[in-house]
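Taking it in order: structure first as structure tokens, then the write-up.
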2 protein chains.
Amino acid sequence: MTFSEENYLKTIYHLTTASDSEVSTNAIAERMETKASSVTDMLKKLAEKDLVNYKKYQGVSLTSAGKSEAKMIVRKHRLWEVFLVEKLDFSWDEVHDIAEQLEHIKSEQLINKLDDFLDNPTEDPHGDPIPDREGRIVKIEKQLLSELSENQVGVCVGVKDTSSEFLKYLDKQEIALGSKIEFLSRESFDLSLRIRVDKKELTISNKIASNLFVKLL
Amino acid sequence: MTFSEENYLKTIYHLTTASDSEVSTNAIAERMETKASSVTDMLKKLAEKDLVNYKKYQGVSLTSAGKSEAKMIVRKHRLWEVFLVEKLDFSWDEVHDIAEQLEHIKSEQLINKLDDFLDNPTEDPHGDPIPDREGRIVKIEKQLLSELSENQVGVCVGVKDTSSEFLKYLDKQEIALGSKIEFLSRESFDLSLRIRVDKKELTISNKIASNLFVKLL
DNA sequence: ATTAATTTTTAGACAAAACTAAAAATTATA
DNA sequence: TATAATTTTTAGTTTTGTCTAAAAATTAAT
Ligand SMILES: [Mn+2]
Ligand SMILES: [Mn+2]
Ligand SMILES: [Mn+2]
Ligand SMILES: [Mn+2]
């Protein structure tokens, strides 16, 4: 399997699990910053290998073989991110691009030994679940901070947007995985939220709140 | 720089440092298990980028830019091998192929953090020197076991052949880096050697002895 | 010094993965 | 429902890295 094929599978996996339906050629092209015609070419190749279900003009989905390949790539990506943060002391906004490369290293033994070395983590530095060696994923109960109602209290357990920009903003506000977050009030004019993070009160926009996952206490 | 370009540079580096002279198209082709015509194509491209000195039919050598690129790839290869053995508990005969992949990961920050995480090792699991972040190499005094004379004593500090086959043979004979090796006698008929490894005496062929580096005590 | 053998380069082809431009199919709109 | 807009596919190129077969240069052997 080539890097390119793996990247397509991973993208289709993310798009289908997000929307829970067939995914369009254009959606893939946009996500991968490539042209629709290139996507079509690749879909034919992946269909030939029975990794995707593809019928012209009908959108695409992963076969079970394709899904399990995709999960293994996601597993590798997230385990390497844990390694980079936990062992090499990278910050959570620096690891994605390096993991994009490391996820393509081929060795089942390597990834399983890495998994053990890291004490079999179930979530990556951004709170995303890590599939185990059989591809099983432990889903945790979580919801967007923006969906809470006043006076509810939760713990920050993940981010939806994993861009370096957003993560650095969170660092600046001292919001991290594990932070206790109390929803104090909502400003109806612009939907901004007044929250308390650990001891400190601050105001955040609705855009911020809708990219933060919390687990209710 | 592509994987392929990196692999060519690394091969030219190894061949030129071994023979200390220009290297031929055929030598590169043989080492890389590819065709001479493919090598010629690549040499033109590398010359265009000023990474090699190349004149038709005259053999090739690395420019200083090419040499420093090559050393960085070797540095990455060997640091990853240390990681695999020291942290992930691989044995020394299992790490080469995985390191062949890992050496192409692009991130200076990654490799320097890995270096620190491993406590800045100067040799890899096979006794080969690891260039530091400026490309400097600390050469250690070593010679082939086959070149010793009777009754000389040394410590095993490296292997010339790093094939899995040879390394497993050494494991079986309980010869490892750090083993004390005494040259007892030489059988003139087949050049085989009688040696003592730590406490145990054994006979090894000249071929084995000429693939083991020792440092005299 | 020719001729023969070997090495190296060139010429032309191919597969992978991308692109542009144009055609075809689908979906939306009047 | 006919037409317009959008999406998707096809057709034809390009780049990278490989290959085979043949030509050219170098080296070895009569
Ligand atoms: Mn990531
Ligand atoms: Mn992540
Ligand atoms: Mn190696
Ligand atoms: Mn090594």
Side-chain angles (χ1 to χ4, degrees), chain A residues 1-13 15-16 18-19 21-62 66 69-70 73 97 100-101 103-106, chain B residues 1-16 18-19 21-62 66 69-70 73 100-101 103-106:
Chain A
M1 187 118 70
T2 65
F3 284 21
S4 190
E5 288 172 322
E6 292 188 341
N7 284 333
Y8 274 95
L9 285 183
K10 192 180 53 156
T11 299
I12 297 167
Y13 174 77
L15 291 173
T16 49
S19 74
S21 68
E22 313 260 285
V23 62
S24 74
T25 302
N26 260 6
I28 298 169
E30 191 175 355
R31 174 86 161 229
M32 298 186 74
E33 295 180 300
T34 186
K35 303 291 167 176
S37 55
S38 306
V39 175
T40 301
D41 285 346
M42 183 56 86
L43 293 182
K44 285 186 200 162
K45 187 177 316 177
L46 294 175
E48 193 57 44
K49 295 186 172 187
D50 284 313
L51 294 165
V52 300
N53 307 113
Y54 170 65
K55 268 175 293 170
K56 279 191 192 182
Y57 296 100
Q58 303 293 121
V60 73
S61 62
L62 294 172
E69 288 287 351
I73 301 160
D97 291 347
E100 285 289 306
Q101 299 180 63
E103 72 189 3
H104 300 294
I105 302 292
K106 270 121 193 136
Chain B
M1 187 119 68
T2 66
F3 284 21
S4 190
E5 288 173 322
E6 292 188 340
N7 284 332
Y8 275 95
L9 285 183
K10 192 180 53 155
T11 300
I12 297 167
Y13 174 77
H14 286 313
L15 291 174
T16 50
S19 74
S21 69
E22 312 261 282
V23 62
S24 74
T25 302
N26 259 6
I28 298 169
E30 191 176 352
R31 173 86 161 232
M32 298 186 73
E33 294 181 302
T34 184
K35 301 294 168 177
S37 55
S38 307
V39 175
T40 301
D41 286 346
M42 182 57 87
L43 293 183
K44 286 185 198 162
K45 188 177 316 174
L46 294 175
E48 193 56 45
K49 295 186 172 187
D50 283 313
L51 294 165
V52 300
N53 306 114
Y54 169 65
K55 268 176 293 171
K56 277 192 193 179
Y57 295 101
Q58 302 293 121
V60 73
S61 63
L62 295 172
E69 287 287 353
I73 301 160
E100 286 288 307
Q101 299 180 62
E103 72 188 3
H104 299 294
I105 302 293
K106 269 118 193 140

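Proteins get letters first, then strands, A, B, ... in listed order; numbering begins at 1 in each.
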Review point. Any side-chain hydrogen bond (donor to acceptor under 3.5 Å, both in side chains) pairs touching residues 23-43 of chain B, not counting sequence neighbours?
Key: none
Review point. Expressed in angstrom and rounded to an integer, what is the separation of A/Asn7 atom CG from C/dA18 atom P?
Key: 9 Å
Exercise for review: Please state whether the phosphate of C/dT7, meaning OP1 or OP2, lies under 4.0 angstrom from any side-chain nitrogen or oxygen of B/Thr25.
Suggested key: no
**Study point:** Sidechain-backbone polar pair: A/Lys106 side chain, A/His104 backbone, donor-acceptor under 3.5 Å
**Key:** yes
Point to revise | B/Thr34 side chain, from C-beta outward: closest of D/dT10, D/dA25, D/dT18 | key: D/dT18
Exercise for review: Identify, between A/Lys56 and A/Phe3, the residue whose nearest nucleotide on DNA chain C lies closer to the 5' end.
Suggested key: A/Phe3
**Study point:** Check: A/Ser37 side chain, C/dT20 base, donor-acceptor under 3.5 Å
**Key:** yes
Check your understanding: Any side-chain N or O of A/Tyr8 under 4.0 Å from OP1/OP2 of C/dA18?
Key -> yes
Review point. Is it the case that A/Ser21 and A/Ser19 place a side-chain donor and acceptor less than 3.5 Å from each other?
Key: yes
Review point. Does a side-chain N or O from B/Lys44 land closer than 4.0 Å to OP1 or OP2 of C/dT10, or not?
Key: yes
Review point. Could you state the CD-C1' distance from B/Glu6 to D/dG17, rounded to the nearest angstrom?
Key: 15 Å
Exercise for review: Given ring pair (Phe, Tyr, Trp, His ring centres under 6.0 Å), test A/Phe3 with B/Phe3 step by step and report yes or no.
Suggested key: CA-CA 12 Å; A/Phe3 284 21; B/Phe3 284 21; 5.7 Å; yes
Check your understanding: Are A/Glu69 and A/Lys10 ion-paired here, with the side-chain N under 4.0 Å from a carboxylate O?
Key -> no
Review point. In whole angstrom, what separates B/Lys49's NZ from D/dT15's C1'?
Key: 12 Å
Review point. Starting at NZ of A/Lys35 and ending at P of C/dA17, how long is that distance when rounded to a whole Å?
Key: 19 Å
Point to revise | N or O in side chain of B/Tyr54 less than 4.0 angstrom from C/dT8 OP1/OP2 | key: no
Review point. What is the distance from CG of B/Asp41 to C1' of C/dC14, rounded to the nearest Å?
Key: 13 Å
**Study point:** Atom-pair distance (CD on B/Glu22; P on C/dT8), nearest Å
**Key:** 12 Å
Exercise for review: Identify whether any heavy atom of A/Ser4 sits under 4.0 Å from a base atom; if not, whether one sits that close to sugar-phosphate; answer base, sugar-phosphate or nothing.
Suggested key: sugar-phosphate
Review point. Is any side-chain N or O of A/Asn26 closer than 4.0 Å to OP1 or OP2 of D/dT6?
Key: no
**Study point:** B/Tyr57 vs C/dT6: side-chain N/O to OP1/OP2 distance below 4.0 Å
**Key:** no
Exercise for review: Answer yes or no: does a side-chain N or O of B/Thr40 lie under 4.0 Å from OP1 or OP2 of C/dT9?
Suggested key: yes
Study note, to complete from the structure: Separation of C/dT8 atom P from B/Leu43 atom CG, nearest Å, is 10 Å
Study note, to complete from the structure: Taken to the nearest whole Å, CD/B/Gln58 to P/C/dT8 is 11 Å
